[in-house]
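Chain letters run A, B, ... following the sequence lines, proteins first, then strands; residues in each count from 1. All of these numbers come straight from a predicted model, not from anything done at the bench.
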Number of protein chains: 2
Amino acid sequence: MTKIACVNGRFLPENEASISIFDRGFLFGDGIYEAISVVNSKLIDVEPHLARLDRSLDAVSMRAPYSHAEIIDLLRELVKQNNFEEGLLYFQVTRGVAPRAFHFPPDDVSSSFIAFTLPMALIDRKETRQGVKLISIEEQRWKRRDIKSIGLLPQCLGKQAAVEQGCYEALMVEDGMVTEGTSSSAYIIKDNTLITRPLSPAILPGVTRRAMMELARQDNINIDERAFSLQEAYQADEACITAASNFVMPVTEIDGYKIGNGKPGPVVKRLLKLYIEEALKTAI
Amino acid sequence: MTKIACVNGRFLPENEASISIFDRGFLFGDGIYEAISVVNSKLIDVEPHLARLDRSLDAVSMRAPYSHAEIIDLLRELVKQNNFEEGLLYFQVTRGVAPRAFHFPPDDVSSSFIAFTLPMALIDRKETRQGVKLISIEEQRWKRRDIKSIGLLPQCLGKQAAVEQGCYEALMVEDGMVTEGTSSSAYIIKDNTLITRPLSPAILPGVTRRAMMELARQDNINIDERAFSLQEAYQADEACITAASNFVMPVTEIDGYKIGNGKPGPVVKRLLKLYIEEALKTAI
């Protein structure tokens with residue numbers, strides 16, 4: 001079956017889905033994106049994703065071309081047209097099509113919207129059962145990592161470095177302290193305490209992070225929101241990363257150092273179980 | 001006349017020039033660009049621009065889809081089809097079209113190439129005669145600013161801030177020291193010495209910078225390649241910025257502080273004259 005994408009409200013085969021070369025997303029990376037996980041054809045954490053979209057758009061003075069309700073309608077139509085059951089719904093807003101100039105285009109230039117599906121297993125994955133290996137790399141991104149912009153070249157280079165070393169993800173390290181993964185939030189567990197960097201411009205405010213942290217709180221898991229060092233991570237009892245594309249992913253090795261006993265640990269497995277239950281229950 | 005653009009070697013009207021929404025330039029800002037100035041329909045500093053393209057591509061493990069000779073042929077064809085006399089030839093290479101994943105696509109995915117013309121006055125401009133006003137902003141870019149990537153959101157935000165304050169460009173400041181403009185190299189002149197930040201990952205290796213510095217050396221102008229502070233810039237005798245789109249642009253005000261007597265000074269005017277003469281002489 002030919003997959004269907006959405007371009008500015010039109011639904012068309014992915015191989016016909018195109019935008020102008022003068023779209024500012026293509027010339028400047030001048031755009032914002034989100035990815036929502038889908039299970040059983042239902043959307044997970046929709047409102048926090050749309051709230052974060054607004055937050056990112058506000059931060060760069062961009063406007064979405066559609067309301068939240070309209071975006072949800074477009075995403076649901078995409079699910080329907082693709083018979084989409086499990087994976088990610090990706091969508092992005094860019095600052096529209098205009099002659100190339102760094103400053104913003106006139107107000108009558110409307111922003112662009114595209115969306116497509118990325119089928120992938122989320123609930124039942126070998127990676128989640130076995131845990132994944134990470135590498136660490138130097139943090140090289142810009143200073144506003146709380147803005148979910150499409151300017152992702154440093155993240156691409158980091159992920160590629162991980163893949164070339166047979167690993168799943170790269171942790172970025174700044175001044176000795178872990179910021180986050182290239183496309184995930186990062187956590188360690190030490191002495192039954194869940195440790196993760198507090199929100200700031202240094203990291204993305206993860207939607208899955210937010211949901212999992214709330215579940216951890218309700219489950220009376222000790223939480224310490226503070227930056228942790230790479231050395232601490234090597235010596236942690238357990239570790240995990242979260243993202244819409246990962247849910248809660250156990251980490252069993254970092255830079256070749258085995259984490260705990262090298263298998264997914266009890267706290268991370270508990271958090272994954274809680275997250276999946278909640279996601280299935282609240283998906284719409 | 002409808003302007004003509006080049007997309008992967010095809011020439012077509014700009015309003016029909018499109019790329020796939022799955023191009024990595026559009027989804028990740030995963031691309032490299034160059035802009036070459038054109039005067040009298042001839043290209044200026046072609047070889048250094050192509051050398052810098054290669055340098056940027058190498059730094060991100062990307063390949064150009066064409067040889068230097070083929071790129072020059074495509075650019076010349078663009079000049080011809082547009083009866084293009086003066087302005088910028090813009091071209092960019094992106095890592096091709098592939099299902100969205102951070103890591104690089106398989107080797108058989110070829111990179112994308114697009115190019116278009118940006119008509120503008122370069123030799124005779126009111127801005128060059130009168131000088132321009134700048135603002136300063138905090139440096140927010142990633143750490144590899146020597147790579148000319150299309151991830152330009154911080155630069156767009158900076159330029160927009162400048163425009164909103166009635167200014168021409170924004171100088172970016174890191175730890176009190178000027179790095180460069182959002183799309184230009186930055187210089188001050190103090191006591192007849194031309195001062196500019198030395199090349200490093202902190203700034204782009206400007207092609208116009210390189211050409212102008214060589215002319216300054218030949219003209220026995222004193223040069224001090226070192227970082228300078230924003231305070232020093234306020235108190236400079238003269239200041240200027242360079243870029244393919246600016247040649248040598250006199251700066252007469254920064255953050256409301258008048259530079260020198262508030263008019264283009266003799267050293268900057270001399271450098272501009274030398275640059276234009278050399279550009280016209282060596283354009284091909």
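There is no contact between V97(B) and chain A, counting heavy-atom distances below 4.5 Å. When heavy atoms are compared at a cutoff of 4.5 Å, Q92(A) approaches chain B solely by way of its side chain, counted from C-beta outward. In this structure, the portion of T94(A) lying under 4.5 Å from any heavy atom of chain B is its side chain and not its backbone. Interface residue V60(A): backbone and side-chain heavy atoms are both found under 4.5 Å from chain B. Contacts between L118(A) and chain B at a heavy-atom distance below 4.5 Å involve the side chain alone, from C-beta outward. Within the 4.5 angstrom heavy-atom criterion, only side-chain atoms of A5(A), from C-beta onward, approach chain B. Contact of E14(A) with chain B is made through backbone and side chain together, with heavy-atom distances under 4.5 Å. Both the backbone and the side chain of F104(B) come within less than 4.5 Å of a heavy atom of chain A.
Contact tally against chain A (heavy-atom pairs below 4.5 Å) for D30(B), N15(B), I114(B), V7(B): the top residue is I114(B). No other option in R141(B), K159(B), R100(B) has as many heavy-atom pairs under 4.5 Å with chain A as R100(B). Interface summary for chain A: among P154(B), A161(B), G151(B), S149(B), the most heavy-atom pairs under 4.5 angstrom belong to P154(B). With respect to chain B, the highest number of heavy-atom pairs below 4.5 Å among E164(A), Q160(A), E16(A) belongs to Q160(A).
No more than 12 heavy-atom neighbours from other residues, nucleotides or ligands sit within 6.0 angstrom of CG on D107(A). Within 6.0 Å of CD on E85(B) lie no more than 12 heavy atoms contributed by other residues, nucleotides or ligands.
Counting heavy atoms from C-beta on, the side chains of W142(A) and L153(B) come closer than 4.5 Å. At least one side-chain heavy atom of F102(A) sits less than 4.5 Å from a side-chain heavy atom of L152(B).
Identified by a heavy-atom distance below 4.5 Å to chain A, the contributing residues of residues 17-27 of chain B are A17(B), S18(B), I19(B), S20(B), I21(B), F22(B), D23(B), R24(B), G25(B), F26(B), L27(B), in residue-number order.
Here the straight-line distance linking atom CD1 of I150(A) with atom CD1 of I150(B) works out to 8.0 Å at 0.5 Å rounding. Rounded to the nearest 0.5 angstrom, C156(B) SG and H103(A) NE2 are separated by 10.0 Å.
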